[in-house]
Amino acid sequence: MNDYLEEILTASLAQFELEETPEIHLEAPKVESHGDASTNLAMLLAKPLRNNPRAIAQQIVDGLKYDEAKISSVEIAGPGFINFRFAEDYLYDELGSIIDLGTDFGKTETQKGKKIQIEFVSANPTGPLTVGHGRNAVLGDTVARLMEWTGAEVDREYYFNNAGRQMRVLGQSVQARYLEELGKDSEFPEGGYEGEYIKDIAKEVIEEQGETLVDADWTPFKEKAEQAIFKDISNTLNRMKIHMDNHFNEHSLYDGGDIDSVVSRLREKELVYEADGATWFKTTEFGKEKDTVLIKSTGEPTYRLPDIAYHANKLDRGYDLCIDIFGADHIATYPDVLSGISALGYNPDKIDVIVYQFVTIVKDGQPFKMSTRKANFVTLDELMDEVGSDVTRFFFLMRSPNTHLEFDIAQAKEAGEKNPVFYLQYAHARIFSILRKADEEYSFDGEVQLNLLKEDAETSLIKTLFKFPGAIQSAADAREPHRLINYLNDVASAFTTFYHDCRIIGVDPKLAQSRIALAKITAQVLKNGLTILGITAPERM
RNA sequence: GCGCCCAUAGCUCAACUGGAUAGAGCAAUUGCCUUCUAAGCAAUAGGUUUCAGGUUCGAGUCCUGAUGGGCGUACCA
């Protein structure tokens, strides 16, 4: 419909002999009385045409040639809005065609042929995933699903580092618990990992290896811990319906020569120099105040170097777009990565960083600071034991990534009745309940007559359903899944009004038949939407 | 000090990226189950969008400054 409106508006604009035609912006007005679609075109033209907006609007409308089977009225309102109202026949035609689309309704091809990689979670294997990781995990996976619905081919990737100090301390922590468990002398490492899961891993080592590792160093413990923790993380992700296509080990960047290659390529461009025994990257050339160390005087790279090499590696793999999901604490690092990428001759526009604000955990009414090392955390598994995967995913997706999310553990746990996810699921379950009942009461023959749907609640629901592809598109473009949630709330709400105003069982069979068709496509929209969010659409509750 | 993000109903958050009368959910008050699921519906109340300026036909949204909060700002990841 928007395409059609753009077409006829453009045709009408020809009368003005404009040097450049403005972009035609169409939107669905908030207020029903303002029509079904609206454009601010006349206001935009006020300045270049040196005329008042309402007069221009009148000229545009006068020059407008439209099909009355599609548009029933065109009005000028307010400061110069042009408001369109859709014809009823158009509604029924359109409704018929989305019913035919069925499970595919909502899919678009705006990103068809694009290969997109999305990197998320990327927690190093030092402990179980906590609710702090939840937002990253669920956001990343849902953005991936949105991209898939707009036609892209998406790879989900988990980037990790199993070398370095963190992992050494992890190995030493397990080693200490192992010796302790066997009653030997042990020394718990400074800053070691204090969680119970470390003891569990130590016990597993005893079961598998007995006392054979008493004199070993920490490396076999690290390996065992890494393996056990990764298994645990994967289980947690699976419970949340998250499945990675690829795990990328930072170490492979060293083995594959990517690290050396980045440094030498930057050096060729004279963007790298040595000072104070360290290797520096001239980030000042890219507008930063200070240059950045790539390789410390100890010979060890800082994390920025592998980050740059990793992103170069991604682009070398031929992705059209790489999306990173970062917490606000990493916000300072990605400008360096982008500088590095552009310095190497890649297009930095192919890297898209989504920064989400921190989750504030509230426990017992108090803000709660989590630390994996100190074992102060609430794990995602614990949360899912309490509220399940649907509520967990919904909770993280409800709010804009750009805002701080307050996560009240107690509230989440008693979320049973209060959680808005149930509102969506309930509407879906209700429809299926009606369908089951209708199946017993009616047997239909002949074509569905959608033009029997004339009640306000019916047309309003129909118009809401039309907006589904746009809602997906908007959520995908902005990488903001909560927009889809807001939309689905509108759908559930419009359906509930319909449910109260328009009975299905007990009315004339022809009308019942058309209402059932409307109910079915509503259920389909709810189900498709919930599927994108990774949430189930139950048929009974 | 500097950079990024945020400030909207009592609480948690929306507002289609500059549009028309700022909306939901909790919490509060009041009605509604003998008819397809009351995990629901209807109604009432709740706001100078932190403050002060600016930009324009039009600002919660953009620019400047102030205040308050979060996160960064290392040869830590």
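In what follows, chains are A, B, ... by sequence order, proteins preceding strands, each numbered from 1. Computed from a prediction, not measured in an experiment: that's the story for all the values here.
At the heavy-atom level, A/Ala429 lies under 4.0 Å from base atoms of the strands shown. Counting any heavy atom pair closer than 4.0 Å across all strands shown, A/Thr496 reaches sugar-phosphate atoms only and no base atom. Backbone-only engagement by A/Asn124 is indicated by non-hydrogen atom pairs under 4.0 Å involving sugar-phosphate atoms exclusively. Heavy atoms of A/Asp490 sit nowhere under 4.0 angstrom from any nucleic acid atom. Counting any heavy atom pair closer than 4.0 Å across all strands shown, A/Asn486 reaches sugar-phosphate atoms only and no base atom. A/Ala438 comes within 4.0 angstrom of no nucleic acid atom, judged by non-hydrogen atoms across all strands. At the heavy-atom level, A/Arg165 lies nowhere under 4.0 Å from the strands shown. Within the 4.0 angstrom heavy-atom criterion, no nucleotide atom of any strand lies near A/Ala471. Note on A/Tyr303: a base of the nucleic acid sits closer than 4.0 angstrom, heavy atoms only.
A 4.5 Å side-chain heavy-atom check between A/Asp352 and A/Asp324 finds every atom pair outside the cut-off. Side-chain atoms of A/Lys510 and A/Leu452, non-hydrogen and from C-beta on, do get closer than 4.5 Å to each other. Residues A/Gln473 and A/Thr110 are in side-chain contact: their nearest non-hydrogen atoms beyond the backbone lie under 4.5 Å apart.
Residue A/Lys296 places its side chain closer to B/A77 than to any other of B/A39, B/C36, B/A77. Closest to the side chain of A/Arg430, out of B/A38, B/A14, B/A39, is B/A38. When each of B/A20, B/G40, B/U17 is scored by its nearest atom to the side-chain atoms of A/Ala478, the top-ranked nucleotide is B/U17. When distances run from any side-chain atom of A/Phe422 to the nucleotides B/A20, B/A39, B/C36, the shortest one goes to B/A39. The nucleotide whose nearest atom lies closest to any side-chain atom of A/Tyr499 is, among B/C75, B/C36, B/U12, B/C36. Listed nucleotides: B/U37, B/C75, B/C71. Nearest to the side chain of A/Asp329: B/C71. For A/Glu250, the side-chain atoms get nearest to B/A77 when compared with the rest of B/A77, B/G40, B/C36.
Judged by distance alone, with hydrogens and angles left aside, the side-chain atoms of A/Tyr356 form no donor-acceptor pair with the main-chain N or O of A/His404 at under 3.5 Å. With A/Ser173 contributing its side chain and A/Tyr193 its backbone, the two residues share a donor-acceptor pair below 3.5 Å. Judged purely by atom type and a 3.5 angstrom limit, A/Thr39 uses its side chain to pair as donor or acceptor with the backbone of A/Leu41. Remark: side-chain polar atoms of A/Asn40 are not paired, donor with acceptor, to backbone N or O of A/Met43 under 3.5 angstrom.
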Q.
Does A/Ile323 form a side-chain contact (heavy atoms from CB on, under 4.5 Å) with A/Glu119? I'd like the steps, not just the answer.
A. CA-CA 6 Å; A/Ile323 300 177; A/Glu119 181 221 324; over 6 Å; no
Q: Starting from the C-alpha separation in whole Å, work towards a yes-or-no answer on side-chain contact (heavy atoms from CB on, under 4.5 Å) for A/Ile82 and A/Glu75.
A: CA-CA 6 Å; A/Ile82 302 173; A/Glu75 283 169 6; over 6 Å; no
**Q.** Full working for side-chain contact (heavy atoms from CB on, under 4.5 Å) between A/Thr459 and A/Phe86
**A.** CA-CA 11 Å; A/Thr459 51; A/Phe86 301 159; over 6 Å; no
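Taking the O4'-C1'-N9-C4 or O4'-C1'-N1-C2 dihedral as appropriate, B/U17 has a value within 90° of 0 and is therefore syn.
Rounded to a whole Å, the NE2 atom of A/His330 is 10 Å from the P atom of B/U73. Regarding A/Arg373, its CZ atom lies at a distance of 17 Å from the P atom of B/C76, rounded to whole Å. Going from atom NE2 of A/His428 over to atom P of B/A39 covers 18 Å, rounded to whole Å. We find that CG of A/Leu405 is positioned 16 Å from C1' of B/C71, with the value rounded to whole Å. One atom, CZ of A/Arg135, and another, P of B/C71, lie 14 Å apart when rounded to the nearest Å. A straight line from CZ of A/Phe326 to P of B/A77 spans 15 Å, rounded to a whole angstrom. Across the protein-nucleic acid pair, A/Glu190 atom CD and B/C76 atom C1' stand 16 Å apart, rounded to whole Å.
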Pairs under 3.5 Å (N/O, protein and nucleotides 54-58 of chain B):
none

Show the distances under 3.5 angstrom between N or O atoms of the protein and N or O atoms of nucleotides 8-10 of chain B.
none

What are the atom names and distances for every N/O pair under 3.5 Å that joins the protein to nucleotides 1-5 of chain B?
{"unit_1": "B/C2", "atom_1": "O2'", "unit_2": "A/Glu289", "atom_2": "OE2", "d": "3.3"}
{"unit_1": "B/C5", "atom_1": "O3'", "unit_2": "A/Asn402", "atom_2": "OD1", "d": "3.3"}
{"unit_1": "B/C5", "atom_1": "O2'", "unit_2": "A/Gln357", "atom_2": "NE2", "d": "3.1"}

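The minimum heavy-atom distance between A/Arg393 and A/Arg145, with the atom names listed, is NH2-NE, 3.7 Å.
Across the interface with RNA chain B, nearest-nucleotide mapping of A/Arg483 and A/Lys437 shows A/Arg483 to be the residue nearer the 5′ end. Across the interface with RNA chain B, nearest-nucleotide mapping of A/Phe498 and A/Gly78 shows A/Gly78 to be the residue nearer the 5′ end.
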Q: Report the secondary structure of RNA chain B in dot-bracket form, marking unpaired bases with a dot and bases paired to a different strand with |, and treating Watson-Crick or G-U pairs with both distances under 3.5 Å as paired.
A: (((((((..((((.....[...)))).(((((.......))))).....(((((..]....))))))))))))....
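A distance below 6.0 Å separates the ring centres of A/Tyr158 and A/Phe230.
A gap of 16 Å separates the P atoms of B/U44 and B/A22, to the nearest Å.
For the pair A/Tyr426 and B/G40, the ring geometry does not qualify as stacking, because the centroid separation below 5.5 Å and plane angle under 30° are not jointly satisfied.
In this model, the phosphate group of B/A15 is not approached by any side-chain N or O of A/Tyr487 to a distance below 4.0 Å at OP1 or OP2.
Judged by atom type and distance alone, A/Ser297 reaches the base of B/C75 through a side-chain donor-acceptor pair under 3.5 Å.
When each of A/Asp490, A/Leu526, A/Val491 is checked for a side chain to side chain contact (heavy atoms under 4.5 Å, CB included) with A/Leu465, only A/Val491 meets the rule.
With sequence neighbours left out, A/Tyr310 forms a ring pair (Phe, Tyr, Trp, His ring centres under 6.0 Å) with A/Tyr159, A/Phe248.
Taking a 4.0 Å limit (strictly below) on heavy-atom distances, residues 30-39 of chain A reaches RNA chain B at A/Lys30, A/His34, A/Ser38.
Geometric assessment of A/Arg540 against the ring of A/Phe432 yields a negative cation-pi assignment under the 6.0 Å and 45° thresholds.
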